[in-house]
Amino acid sequence: AQPLLRVEDLTVRYATAVGSVEALKGVGFELGREKLGIVGESGSGKSTLGRAILKLIPSSARLTATRLDFMGRDLRNLGEAEMRLIRGKQISMILQDPKYSLNPIMRAGDQILEALAIHGETRGRARVIEILKAVRIRDPERVYNAYPHELSGGMGQRVMTAMMLVTNPLLLIADEPTSALDVTVRMQVLAIIDDLVTQRGMGLIFISHDLNLVGSFCDRILIMYGGRIVETCRASELQNCRHPYTRGLLQSMPSIEHPRDVLPTLKRDPAWLRGN
Ligand code: ATP
Ligand code: MG
């Protein structure tokens, strides 16, 4: 079967006041209808990768790739108007903090209604209530009428998830969607995303700092360091990952059998990175 996404030699360079920053350096991977986790420390290029797939990078940034295919379609030469049709409709993105993604002066339900209308769905309020129920919101009427600041973090994240799913996307990119939530609520939101992705046979790119979380939630994991993918492994084989950076991440995860008082630190510029 054709993969959903095929990326080859993807490089993104940001122009800044103090020169250019190469945030992605020759990244390549394929994605099927699976849950792919992307893990790496802050600044390793995870969000840039998520945004590059949607070509949502600043106009001053430079993106090059030998391949950037979604459903067999080359995205590299698509203009903004064509990309806008793909964004939201076929590929959706959930961001870290719903407060920044939801309109603060519009009721949650009306935002979903608007998203539906943009995509030509006119069944209105009843359909919104149905969607809120699909993300396991028990009191959809109340949530419909709430403004974003009146929602808890987990509830806001569910509304965001609902918004992203109104169009039945084939691929969902979730950039640290649960990092601001407490553990219980985080698990609930993950379970919702998991159900929807599995039921609909979607692909998921799940970006996180937390190797432990991604290891238990995703099928496959890409480890990023300094703008490169340094290791790819199946989540079930995480313990056998060989790359020194991955081993470092694994060792820094607290475990019940081997509790640690001191977290090991990672060397900043190890020889294996230079050789890449
Ligand atoms: P975090 O875990 O903190 O979210 P990340 O892995 O998502 O980090 P990116 O946001 O992709 O990392 O950033 C990768 C690199 O690109 C960093 O060095 C960052 O400073 C730089 N960068 C990101 N966005 C921009 C931008 N708009 N302009 C200039 N540089 C940027
Ligand atoms: Mg990020």
Side-chain angles (χ1 to χ4, degrees), residues 5 7 9-29 31 35-65 68 75 80 83 87 91-101 153 156-157 160-161 164 171-181 186 189-190 193 204-215 217-218 220-233 241 243-246 248-250 252-253 263 265-270 273-274 276:
L5 194 67
V7 178
D9 203 7
L10 171 64
T11 295
V12 171
R13 196 174 284 124
Y14 292 109
T16 75
V18 292
S20 76
V21 176
E22 206 166 54
L24 293 180
K25 302 170 183 166
V27 165
F29 66 96
L31 175 83
K35 289 177 282 178
L36 179 71
I38 298 184
V39 182
E41 66 184 8
S42 188
S44 57
K46 305 180 298 294
S47 297
T48 301
L49 178 55
R51 286 197 296 262
I53 292 165
L54 286 164
K55 299 218 292 183
L56 275 176
I57 55 168
S59 54
S60 58
R62 214 176 125 63
L63 179 156
T64 58
L68 186 57
L75 301 184
E80 189 47 31
M83 279 311 297
R87 284 182 211 135
I91 308 178
S92 284
M93 191 156 178
I94 304 182
L95 297 170
Q96 184 159 7
D97 190 342
K99 288 191 188 72
Y100 297 117
S101 315
Q157 203 53 265
M160 270 299 296
T161 307
M164 295 300 105
L171 169 59
L172 184 63
I173 301 174
D175 192 352
E176 314 239 25
T178 59
S179 59
L181 306 176
R186 159 189 280 202
V189 171
L190 287 177
I193 294 177
L204 173 72
I205 294 181
F206 189 87
I207 297 172
S208 173
H209 285 112
D210 188 338
L211 186 55
N212 214 348
L213 176 75
V214 168
F217 181 61
C218 293
R220 209 153 56 88
I221 305 172
L222 304 182
I223 310 282
M224 293 195 65
Y225 187 94
R228 296 179 203 276
I229 293 172
V230 294
E231 183 153 30
T232 307
C233 59
C241 277
H243 197 281
Y245 179 61
T246 315
L249 280 178
L250 283 169
S252 66
M253 297 195 305
L263 295 177
T265 48
L266 297 161
K267 266 169 77 179
R268 293 307 303 181
D269 185 23
L273 242 193
R274 266 180 261 127
N276 257 336

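Remember, it's 1-based here, ligands and their atoms both numbered in the order they're listed.
Counting heavy atoms closer than 4.0 Å to ligand 1, residue Pro58 contributes side-chain atoms (C-beta onward) but none from N, CA, C or O. Only side-chain heavy atoms of His209 come within less than 4.0 Å of ligand 1; its backbone N, CA, C and O stay farther off.
Taking a cut-off of under 4.0 Å to the non-hydrogen atoms of Thr48, the atoms of ligand 1 that pass are 9 (P), 11 (O), 13 (O), 14 (C). Counting atoms of ligand 1 from 1 in the listed order, those under 4.0 Å from a heavy atom of Thr16 are 29 (C). Per-residue contacts place Glu176 under 4.0 angstrom from the following atoms of ligand 1 (heavy atoms of the residue considered): 2 (O).
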Original post:
Going through the distances and angles, do Arg87 and Glu80 end up as a side-chain contact (heavy atoms from CB on, under 4.5 Å)?
Top reply: CA-CA 10 Å; Arg87 284 182 211 135; Glu80 189 47 31; 2.9 Å; yes
**OP:** Begin from the C-alpha positions of Ile53 and Met93 and carry the test side-chain contact (heavy atoms from CB on, under 4.5 Å) through to its verdict.
**Re:** CA-CA 10 Å; Ile53 292 165; Met93 191 156 178; over 6 Å; no
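In the displayed structure, Arg13 atom CZ is contacted under 6.0 Å by at most 12 heavy atoms of other residues, nucleotides or ligands.
Ligand 1 lies less than 4.0 angstrom from a heavy atom belonging to Glu41.
Among the atoms of Ser47, an N, O or S atom falls under 2.8 Å from the Mg ion (ligand 2).
Remark: Lys46 pairs with no residue by the salt bridge (charged side-chain N to carboxylate O under 4.0 Å, His left out) rule, at least two apart or across chains.
Thr11 places a side-chain N or O within donor-acceptor distance of the main-chain N or O of Gly26, the cut-off being under 3.5 Å.
In terms of polar-atom proximity, Gly45 is counted as a contact of ligand 1, with an N or O under 3.5 Å from an N or O of the ligand. For ligand 1, the polar-atom distance check against Val21 finds no nitrogen or oxygen pair separated by under 3.5 Å.
A cation-pi contact, defined as under 6.0 Å to the ring centre and within 45° of the axis, is absent between Lys35 and Phe206.
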Check: residues 14-21 side-chain donor-acceptor pairs under 3.5 Å, at least two apart:
from, atom 1, to, atom 2, distance (Å)
Tyr14, OH, Thr48, OG1, 2.8
Thr16, OG1, Val18, N, 3.2
Thr16, OG1, Gly19, N, 3.4
Thr16, OG1, Gly19, O, 2.5

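When the options Gly50, Gly43, Ala23, Ser60 are ranked by their closest heavy atom to atom 17 (C) of ligand 1, first place goes to Gly43.
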